S.K.: 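Have a look at this one.
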Amino acid sequence: MQVSLIILAAGQGTRMNSDLPKVLHRLGAAPLLHHAMAAGRALDPDRCVVVTGHGGDAVAKAALAYDDRALTVRQEEQLGTAHAVLQAESAMAGAGGDAIVLYGDTPFIRAETLEAMIEARARHAVVVLGFNAADPGRYGRLIASGETLDRIVEFKDATPEERSITLCNSGVICADTATLFRLCHKVTNDNAAGEYYLTDIVALARAEGLSAGLVLCDEAETLGINTRAELAAAETLFQARARAEALENGVTLTAPDTVFFALDTTIGRDAVIGPNVVFGPGVTIESEAEVKAFCHLEGCHISRGSDVGPFARLRPGAELAEHVHVGNFVEIKNAILDEGVKVGHLTYIGDADVGEGTNIGAGTVTCNYDGVMKHRTRIGKNVFIGSDTMLVAPVTVGDGALTASGSVITEDVPAEAIALGRARQVNKPGLATRLFEKLKQLKAEKAKGQP
Ligand code: UD1
Ligand code: MG
């Protein structure tokens with residue numbers, strides 16, 4: 001069955017008290033919008049249409065960053081959820097099959113739940129995702145008998161008896177695409193809120209003699225984000241799930257509660273993640289790699305058998321081949337480290353290529369920035385970079401070469417050469433003793449002179 005997604009993300013999110021559109025606030029280092037798109041992506045959708053409004057350009061950009069085939073449409077005025085869905089009609093032209101409506105601010109809907117809804121479509125023209133609410137608050141109430149749904153009544157329009165119902169609308173709706181738009185066109189705004197309610201399509205379907213059905217999910221899945229406090233609570237929930245998932249996938253977490261994942265963190269089986277590791281977006285780690293305590297990783301790849309940290313920072317574009325060792329207080333950015341490279345201590349490697357088997361000594365810095373532009377450092381295979389070498393880019397060090405400790409390397413180093421880029425040492429016999437005596441004498445004179 002062909003499926004498309006319509007993601008509603010036009011609302012302002014007033015209660016976030018923010019200049020940022022609500023769906024761009026981050027959960028698991030990713031915009032809320034990406035979470036909704038991720039749940040839908042598992043269905044391999046034919047189209048994904050994101051309805052934007054407040055902060056529309058930024059929201060559209062975020063949608064495309066997640067899926068460059070996503071279509072974005074603008075809802076100029078937020079006249080209600082059915083009106084929002086109708087904005088997607090032109091972008092959906094020619095799309096057959098079903099459409100699932102999701103909210104951009106509801107990040108925990110699971111792919112399995114959406115699959116259950118599609119499956120229920122075999123029995124019903126319109127399928128609504130409902131849940132039993134502990135505190136039904138202002139949710140829309142589902143008027144149903146068994147799996148069959150009669151109508152949805154919005155809180156504002158509900159009678160006291162209807163308000164006492166705890167079976168609520170999550171907002172997720174699935175219908176045949178053509179039926180969805182046809183019914184949405186029939187929706188009016190004759191209600192307490194003066195809005196075009198998407199929820200009205202249930203009663204409209206029933207009036208046409210079509211059947212409407214209900215799929216239930218856990219309340220936790222339907223959690224929507226409206227405030228910063230809810231966002232913080234959602235982060236806790238997201239991390240708990242991500243940790244459990246990693247453990248289930250065969251990743252060792254020595255202190256799971258202290259590890260923070262991003263939405264797209266991917267870690268292979270038998271990898272080991274120590275305490276207090278933070279993943280930003282875009283990290284992939286292969287099997288049998290180890291990340292020791294207190295590392296911060298983003299936009300990087302760590303291959304099988306490599307180890308990183310403790311206290312290392314891998315920034316976007318850091319690519320570690322197999323059996324690379326990155327030790328403490330090392331920062332790596334936009335650099336490719338080939339197999340077996342060792343960068344043990346206190347080093348910055350940025351905008352660089354490092355050939356296999358090369359050893360980078362403590363305190364090495366690739367001086368990649370001249371104040372205006374960035375330049376690349378190229379280090380060959382089996383090179384020995386002495387401690388405290390400054391590699392002033394652009395610069396190349398040939399295979400098998402060695403740089404002497406403390407060198408400032410401003411010129412290319414040929415293969416197999418030793419480069420010495422430092423002042424020659426001079427020893428002055430006895431001078432240290434004489435200097436200390438003089439300094440002590442000066443100190444004593446100064447103390448005497450003072451009142
Ligand atoms: C909606 C449902 C309600 C359900 C609840 C679950 C309707 C009429 N009501 O109510 O039954 O229990 O969600 O959370 O659908 N949006 C737009 N454009 C609009 C209006 C809304 O894009 O014109 C987006 C919002 O940004 C949000 C989503 O649609 O992501 C839901 O809108 P919201 O105003 O939060 O609806 P609720 O009143 O919560
Ligand atoms: Mg809401």
Side-chain angles (χ1 to χ4, degrees), residues 5-16 18 20-25 31-33 35-37 39 49-56 59-60 62-63 72-88 100-109 126 128-133 135-144 149 151-158 162-163 165-173 175 180 183-184 187-204 212 214 216-217 219-227 230-231 234:
L5 307 173
I6 299 173
I7 301 181
L8 307 190
Q12 183 174 19
T14 318
R15 287 193 287 150
M16 293 298 281
S18 173
L20 194 66
K22 177 161 72 173
V23 294
L24 298 189
H25 280 266
L32 283 172
L33 177 66
H35 291 256
M37 292 176 81
V49 183
V50 178
V51 181
T52 70
H54 285 279
V59 174
T72 62
V73 295
R74 188 68 62 93
Q75 185 191 26
E76 295 296 347
E77 265 185 296
Q78 280 67 61
L79 302 179
T81 42
H83 180 261
V85 168
L86 281 176
Q87 309 312 303
I100 296 184
V101 180
L102 293 168
Y103 294 167
D105 62 358
T106 304
F108 292 120
I109 305 283
V126 176
V128 171
L129 182 64
F131 63 102
N132 280 299
D135 170 14
R138 303 182 66 82
Y139 285 116
R141 305 298 206 268
L142 302 183
I143 315 295
L149 195 56
R151 61 193 170 89
I152 305 176
V153 58
E154 287 305 303
F155 177 80
K156 279 189 183 170
D157 304 280
E162 288 166 339
R163 287 183 182 182
I165 294 172
T166 56
L167 187 60
C168 292
N169 174 30
S170 70
V172 184
I173 288 190
L180 175 71
L183 294 173
C184 279
V187 171
T188 69
N189 63 354
D190 181 17
N191 52 51
E195 283 183 17
Y196 294 87
Y197 294 156
L198 175 60
T199 44
D200 281 354
I201 70 167
V202 171
L204 290 167
L214 181 62
L216 289 179
C217 72
E219 182 168 9
E221 274 187 63
T222 69
L223 189 88
I225 311 297
N226 297 296
T227 63
E230 284 171 4
L231 183 64

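All of these numbers come straight from a predicted model, not from anything done at the bench. Computation of the quantities below employed the complete heavy-atom set of this structure, encompassing side-chain atoms and omitting hydrogens, waters and symmetry-equivalent molecules. As the structure lists them, so they are numbered: ligands from 1, and atoms in each ligand from 1.
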S.K.: Assess Arg141 against Phe155: is NZ or CZ under 6.0 Å from the centre of the six-membered ring, and within 45 degrees of the ring's axis?
M.R.: no
S.K.: Answer with yes or no whether Gln75 contacts ligand 1, where contact means a heavy atom under 4.0 Å from a ligand atom.
M.R.: yes
S.K.: So is Gly53 touching ligand 1 or not, going by heavy atoms under 4.0 Å?
M.R.: no
S.K.: Quick one: does atom 15 (O) of ligand 1 have a protein heavy atom under 4.0 Å from it?
M.R.: yes
S.K.: Report yes or no: does a heavy atom of Val51 sit under 4.0 Å from some atom of ligand 1?
M.R.: no
S.K.: Measuring to protein heavy atoms, does anything land under 4.0 Å from atom 37 (P) of ligand 1?
M.R.: no
S.K.: Counting N and O atoms only, with roles assigned by atom type, does the side chain of Thr81 sit under 3.5 Å from a partner on the main chain of Leu198, one being a donor and the other an acceptor?
M.R.: yes
S.K.: Counting each atom of ligand 1 from 1 as listed, which ones have a heavy atom of Asp105 under 4.0 Å away?
M.R.: 27 (C), 30 (O)
S.K.: Counting each atom of ligand 1 from 1 as listed, which ones have a heavy atom of Ala84 under 4.0 Å away?
M.R.: 17 (C), 18 (N), 22 (O)
S.K.: Which is it for Ala10 and ligand 1 at heavy atoms under 4.0 Å: side chain, backbone, both or neither?
M.R.: both
S.K.: I'd like to check which ligand 1 atoms, numbered from 1 as shown, lie under 4.0 Å from a non-hydrogen atom of Tyr197.
M.R.: 8 (C)
S.K.: Would you say atom 30 (O) of ligand 1 makes contact with the protein, given that contact here means a non-hydrogen protein atom less than 4.0 Å away?
M.R.: yes
S.K.: What is the nearest protein non-hydrogen atom to atom 2 (C) of ligand 1, stated with its residue, atom name and distance?
M.R.: Tyr103 OH, 3.6 Å
S.K.: Between Thr227 and Arg15, is the side chain to side chain donor-acceptor pair (under 3.5 Å) condition met? List the steps.
M.R.: CA-CA 5 Å; Thr227 63; Arg15 287 193 287 150; 5.9 Å; no
S.K.: Using a strict cut-off of less than 4.0 Å between a Lys/Arg side-chain nitrogen and an Asp/Glu carboxylate oxygen, indicate whether Lys22 and Glu230 qualify as a salt bridge.
M.R.: no
S.K.: Using non-hydrogen atoms of the residue, decide whether Ala9 is closer than 4.0 angstrom to ligand 1.
M.R.: yes
S.K.: Indicate yes or no: does an N/O atom of Thr81 lie under 3.5 Å from an N/O atom of ligand 1?
M.R.: yes
S.K.: Is it the case that Gln75 and Thr52 place a side-chain donor and acceptor less than 3.5 Å from each other?
M.R.: no
S.K.: What atoms in ligand 1 come closer than 4.0 Å to a heavy atom of Gly140?
M.R.: 3 (C), 4 (C), 11 (O), 12 (O)
S.K.: Under 4.0 Å from atom 22 (O) of ligand 1, is there at least one protein heavy atom?
M.R.: yes
S.K.: Is it true that Gly80 lies under 4.0 Å from ligand 1, counting heavy atoms only?
M.R.: yes
S.K.: Where does Leu79 meet ligand 1, judged by heavy-atom distances below 4.0 Å: at the side chain, the backbone, both, or neither?
M.R.: backbone
